[in-house]
2 protein chains.
Amino acid sequence: MTRASESGAGDAASGSPGVVAAADPAGVRLPRPIPDATVSRLAVYLRLLGQFAEQGAATVSSEELATASGVNSAKLRKDLSYLGSYGTRGVGYEVGALQHQLERVLGLDHRQSVALVGVGNLGHALAGYAGFGGRGFPIDAMFDVSPDLVGSTINGIEVGHVRDIETVCRARGVTIGMVATPAPVAQDVCDLLVAGGVESILNFAPVVLQVPDEVEVRKVDLAVELQVLAFHVARRHGVAGTLGSTNGTVNGSVVSPS
Amino acid sequence: MTRASESGAGDAASGSPGVVAAADPAGVRLPRPIPDATVSRLAVYLRLLGQFAEQGAATVSSEELATASGVNSAKLRKDLSYLGSYGTRGVGYEVGALQHQLERVLGLDHRQSVALVGVGNLGHALAGYAGFGGRGFPIDAMFDVSPDLVGSTINGIEVGHVRDIETVCRARGVTIGMVATPAPVAQDVCDLLVAGGVESILNFAPVVLQVPDEVEVRKVDLAVELQVLAFHVARRHGVAGTLGSTNGTVNGSVVSPS
DNA sequence: GCATGTGAAACCGTTCACAGCG
DNA sequence: CGCTGTGAACGGTTTCACATGC
């Protein structure tokens with residue numbers, strides 16, 4: 001019944017089913033399904049559109065928005081094409097309209113209710129992270145087990161006891177849960193969130209969470225990120241050993257033939 | 001000279017060149033280049049191997065390790081095959097040997113020197129995050145600009161002023177930099193790290209960093225992660241509108257035919 | 001017999017190049 | 001003429017299925 005998903009952050013497209021367009025009984029306008037990889041970029045485009053808007057730009061070309069986002073223009077155009085035609089040929093995209101459209105597609109016009117479990121080191125930082133509240137996702141429920149924390153107020157939110165997760169989440173219609181607990185209890189906490197009707201979980205604990213198929217899990221694993229970087233450092237310095245690469249410095253280019 | 005990389009976290013394999021095996025002048029054992037996607041999983045396998053070791057297991061089968069990691073066994077075997085043959089047919093993998101091998105490949109046998117810039121909300125949490133020090137990456141330099149923080153000691157490390165980044169990083173041979181500053185100064189800080197010889201950067205600020213080609217950047221963007229989750233929530237609830245999906249509830253499975 | 005290791009096929013996402021349109 | 005939108009080519013990752021070897 002429960003399968004391990006974890007379409008992790010540092011991950012490519014894992015085994016997760018990917019996003020698909022729904023059935024279309026009425027024969028309405030039906031854009032093709034949006035790839036997961038595209039969705040993450042849409043969020044980035046949206047942020048940059050905000051900056052263009054602040055600067056008073058009425059339109060942006062795919063080239064401008066693309067370089068600002070660190071992608072090439074072809075990819076950007078293809079990404080935007082998934083949500084229909086909101087550009088004008090020969091001109092570019094109308095900033096306001098595109099912003100609005102992206103917000104709709106990303107589900108930002110419906111207010112999302114976010115719960116945070118684990119208000120320790122990392123959790124406390126997440127609670128105060130401006131990147132959420134500022135035009136985004138205000139956290140409106142927190143949980144922990146520590147007597148020092150339960151009952152205290154952080155950022156205007158009272159920290160509840162983990163045992164109340166299910167009730168509170170269901171009552172407030174929480175849709176997104178963030179797990180910032182120590183690894184050993186992460187799965188238990190996850191189960192409670194799921195029991196409370198939470199459909200999406202952002203997992204900071206270094207464990208692979210088991211969830212029902214309907215629940216989406218994304219993982220942010222800081223240690224893995226660092227290890228990937230360490231790997232690249234090691235590569236550059238020539239790991240040598242029994243692993244090939246006997247010469248000192250190796251630059252990024254392909255060398256090994258046949 | 002400087003190009004935008006950002007092979008971001010939530011990203012699939014971006015434009016980054018990918019990892020390649022070096023030339024092999026001597027004709028030694030030469031494993032094929034390791035795909036980026038594989039590298040992130042190797043880190044996960046390594047953690048789980050630690051757990052198997054604690055439980056006293058001498059060997060693991062690909063099936064065991066795979067289900068524990070949330071991947072299928074074929075993928076795991078292919079991943080491990082990139083580092084040579086460390087399994088025994090009919091038996092499985094020898095836990096200790098595999099651990100050691102993974103540590104070597106990931107560059108964990110060389111101590112990495114990590115610097116953290118920005119000891120505010122998030123940075124402070126990262127400084128105390130056990131996931132780094134515990135069998136991993138002890139942070140050994142911190143920087144900020146706030147007079148309240150500069151000169152103070154966190155986790156046994158004295159916080160230096162941002163203006164000293166270049167000198168200190170070069171002196172201590174810092175290889176990995178973590179940017180946990182507000183967005184507006186992230187690029188400046190990044191430039192300082194690069195000037196100090198840092199080759200790999202883990203970026204928590206919501207900006208696309210511009211770096212020279214030799215520098216590897218990975219991005220952890222919490223807001224983007226939440227937005228991707230929000231998208232999935234919206235999908236499930238049927239965004240409707242002009243976007244297809246007129247029916248109320250849509251489960252994860254593919255529906256749209258031809 | 002059983003589990004690894006691996007070519008080959010299927011799949012997905014990115015890049016290219018150009019047709020289409022304001 | 002310029003820029004969007006997109007079919008087609010490309011490259012990388014996952015999956016399959018089986019040969020290989022203990």
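Predicted model only: the values in this text are computed from it and were never measured. A note on names: the letters A, B, ... follow the listed sequences, proteins ahead of strands, and every chain is numbered from 1.
- Regarding A/L65, its CG atom lies at a distance of 14 Å from the P atom of D/dC3, rounded to whole Å.
- Atom-to-atom, CG of B/L76 to P of C/dT4 comes out at 8 Å; the value is rounded to the nearest Å.
- The distance from atom OH of A/Y45 to atom P of D/dT4 is 13 Å, rounded to the nearest whole Å.
- The shortest distance between side-chain heavy atoms of B/M178 and B/I201 does not fall below 4.5 Å.
- For B/Y93, the side chain to side chain donor-acceptor pair (under 3.5 Å) criterion is met by no residue, not counting sequence neighbours.
- Dashed line: the shortest gap from a side-chain N or O of B/Y93 to OP1 or OP2 of C/dG5 is under 4.0 Å.
- Across the protein-nucleic acid pair, A/L80 atom CG and D/dT6 atom C1' stand 13 Å apart, rounded to whole Å.
- One atom, CG of B/D36, and another, P of D/dG11, lie 17 Å apart when rounded to the nearest Å.
- Using a distance-only test at 3.5 Å, with no hydrogens or angles considered, no donor-acceptor pair links the side chain of B/Q227 to the main chain of A/S40.
- For A/A68, the side-chain contact (heavy atoms from CB on, under 4.5 Å) test picks out A/L48, A/F52, with sequence neighbours left out.
- End-to-end axis angle of the helix from C/dG1-D/dC22 to C/dG22-D/dC1, using five pairs per end and rounding to 10°, comes to 0°.
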Could you list all N or O pairs between the protein and nucleotides 16-22 of chain C that sit under 3.5 Å apart?
{"from": "C/dG20", "atom 1": "N3", "to": "A/R89", "atom 2": "NH1", "distance (Å)": "3.1"}

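- For the side-chain contact (heavy atoms from CB on, under 4.5 Å) test, residues two or more places apart in sequence or in another chain that qualify with A/S200 are A/I176, A/E216, B/L229, B/V233.
- B/A74 pairs by the side-chain contact (heavy atoms from CB on, under 4.5 Å) definition with B/N72, B/R77, not counting sequence neighbours.
- Rounded to an integer number of Å, the gap from A/K75 NZ to C/dG13 P is 11 Å.
- Between the OH atom of A/Y82 and the P atom of D/dG7 there is a distance of 11 Å, given to the nearest Å.
- Pairs of residues two or more places apart, or lying in two chains, that qualify as salt bridge (charged side-chain N to carboxylate O under 4.0 Å, His left out) and include a residue from residues 47-68 of chain A are A/R47-B/D221.
- For the pair A/T38 and B/E63, nearest-nucleotide mapping onto DNA chain C gives the more 5' position to B/E63.
- Every residue two or more places apart in sequence or in another chain was checked for a side chain to side chain donor-acceptor pair (under 3.5 Å) with A/Q99, and none qualifies.
- For B/A37, counting side-chain heavy atoms from C-beta on, the closest listed nucleotide (C/dT14, D/dT13, C/dG5) is D/dT13.
- Atom CG in B/D79 sits about 13 Å away from atom P in C/dT4, given to the nearest Å.
- Residue A/S85 has a polar side-chain atom (N or O) positioned under 4.0 Å from OP1 or OP2 of D/dG5.
- Between A/S62 and D/dC3 there is no side-chain N or O to OP1 or OP2 distance below 4.0 Å.
- Taking A/A97 as the reference, A/E94 meet the side-chain contact (heavy atoms from CB on, under 4.5 Å) condition, with sequence neighbours excluded.
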